[in-house]
Amino acid sequence: MTDRPTQPDGRVHGVIVGLVRPEDDRLLVIRRAQTVASPGKIAFPGGAVEADEDRDAAAVREMREELGIEVDVRGPIWRRVFDDRPLTLWGYAGRWVSGELAPDPSEVSEAMWMSADELRRCSDALSGSVAFAETVMTDDAEHRSGPAEGKRREGHFAVDGR
């Protein structure tokens, strides 16, 4: 993590994006390339926030760089603060706007659609992926039907969702 920019709070900030395919409620996940951290693991697409970069902009940029697609993001809807390293990970819900899925082989060995249950049973999934998937699915259902009366999601995070 030494090659990633440290933010003013002394931590590296990362972003991940959850996209739900509306016709079957599957989530877009990737298998990480062998040349990156946690090689071969199933994870949500994302990456590090650059120095002086807005997290929302980083989430959009990472989807473009890793997968070749343009997205709109809502969020953040989830956050994980790692205890074993100076990393804070912010999770966003997204909507695919345009572009053809074209994974960057230097970062992604495979892109696939998985249900939350499939991800839950996946032994190759990175820690925290299931908790983030559940948050994305809840957010997606609420976004499609509208928030329940009197219910607000702003500022809600599943902190340290493992």
Side-chain angles (χ1 to χ4, degrees), residues 1-21 26-114 116 119 125-140 142-143 153-162:
M1 290 201 352
T2 57
D3 62 333
R4 299 295 182 194
T6 301
Q7 300 299 325
D9 65 359
R11 301 177 66 81
V12 171
H13 290 188
V15 293
I16 56 176
V17 178
L19 299 179
V20 178
R21 190 166 61 184
R26 290 181 176 270
L27 299 149
L28 181 60
V29 294
I30 62 167
R31 183 173 303 278
R32 297 172 62 84
Q34 293 299 312
T35 56
V36 299
S38 302
K41 293 292 188 179
I42 301 294
F44 284 89
V49 178
E50 300 297 333
D52 299 320
E53 183 180 34
D54 177 78
R55 285 191 304 264
D56 294 12
V60 170
R61 176 185 52 76
E62 285 291 344
M63 295 298 283
R64 184 181 316 115
E65 289 177 0
E66 281 192 9
L67 297 173
I69 62 175
E70 295 298 322
V71 299
D72 285 334
V73 294
R74 284 188 315 280
I77 62 168
W78 182 86
R79 182 181 68 190
R80 181 173 180 190
V81 178
F82 288 78
D83 294 330
D84 62 340
R85 58 189 168 225
L87 173 64
T88 301
L89 188 59
W90 302 87
Y92 287 79
R95 182 179 63 86
W96 190 331
V97 175
S98 66
E100 295 295 319
L101 199 57
D104 176 351
S106 69
E107 295 188 55
V108 178
S109 66
E110 179 181 13
M112 65 202 93
W113 295 94
M114 295 179 84
L119 188 59
L126 279 179
S127 170
S129 294
V130 171
F132 179 59
E134 291 169 353
T135 302
V136 170
M137 295 305 295
T138 299
D139 181 81
D140 185 67
E142 288 178 3
H143 188 71
R153 293 203 35 90
E154 292 88 351
H156 171 76
F157 297 108
V159 179
D160 292 328
R162 294 173 199 202

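Note that the coordinates shown come from a computational prediction; the quantities given were computed from them, not determined experimentally. For this chain, numbers begin at 1 and follow the sequence in order.
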Please find the pair of heavy atoms, one from Asp56 and one from Gly75, that lie closest to each other, and give the distance. OD1-O, 4.3 Å

Heavy-atom closest pair (Arg74 atom, Ile77 atom, distance to 0.1 Å) is O-CG2, 4.1 Å

Taking the six-membered ring for Trp, are Phe44 and Phe132 parallel (under 30°), tilted (30 to 60°) or perpendicular (over 60°)? perpendicular

Any sub-3.5 Å donor-acceptor pair from Arg11's side-chain atoms to Phe82's backbone N or O? yes

Begin from the C-alpha positions of Ile42 and Met114 and carry the test side-chain contact (heavy atoms from CB on, under 4.5 Å) through to its verdict. CA-CA 10 Å; Ile42 301 294; Met114 295 179 84; 4.1 Å; yes

Pairs under 3.5 angstrom only: tabulate donor-acceptor contacts from the side chains of residues 97-105 to other protein residues two or more places apart or in another chain.
{"residue": "Asp104", "atom": "OD1", "partner": "Ser106", "partner atom": "N", "Å": "2.9"}
{"residue": "Asp104", "atom": "OD1", "partner": "Ser106", "partner atom": "OG", "Å": "2.8"}
{"residue": "Asp104", "atom": "OD2", "partner": "Ser106", "partner atom": "OG", "Å": "3.1"}

Has Asp52 got more than 12 heavy atoms of other residues, nucleotides or ligands less than 6.0 Å from its CG? no

What's the spacing between Arg95 CZ and His143 NE2 if we round to 0.5 Å? 8.0 Å

Would you say Glu70 and Arg64 make side-chain contact, with heavy atoms under 4.5 Å? yes

Side chain to side chain contact (heavy atoms under 4.5 Å, CB included) with Leu19: of Leu28, Leu27, Leu67, only one passes, and it is Leu28

Identify the two heavy atoms, one from Leu126 and one from Ala43, that lie closest to each other, and give their separation to 0.1 Å. CD1-CB, 3.5 Å

Looking only at heavy atoms, which two atoms of Asp139 and Ala93 are closest? And how far apart? OD2-CB, 3.3 Å

Between Arg80 (side chain only) and Ser127 (backbone N and O only), is there a donor and an acceptor less than 3.5 Å apart? yes

Can you tell me how far CG of Leu87 sits from OG1 of Thr6, rounded to the nearest 0.5 angstrom? 10.5 Å

Measure from the side-chain N and O atoms of Arg32 to the backbone N and O of Gly40, and report whether any donor-acceptor pair falls under 3.5 Å. no

Could you grab the distance from atom CG of Leu119 to atom CD of Glu134, nearest 0.5 Å is fine? 9.0 Å

Interatomic distance, CD1@Ile16 vs CD@Glu62, rounded to 0.5 Å, equals 11.5 Å

Distance col, row Ile30:CD1 vs Glu107:CD, nearest 0.5 angstrom, shows 7.5 Å

List the atom of Ala48, the atom of Glu53, and the distance in Å for their closest heavy-atom pair. O-OE1, 4.3 Å

Using only atom types and a distance under 3.5 Å, with no angle test, would you say the side chain of Gln7 pairs donor to acceptor with the backbone of Val49? yes

Any idea which heavy atoms bring Arg55 and Val15 closest together, and the distance? O-CG1, 3.8 Å

Just verifying a value: how many Å separate Arg21 CZ and Trp113 CH2, rounded to the nearest 0.5 Å? 6.0 Å

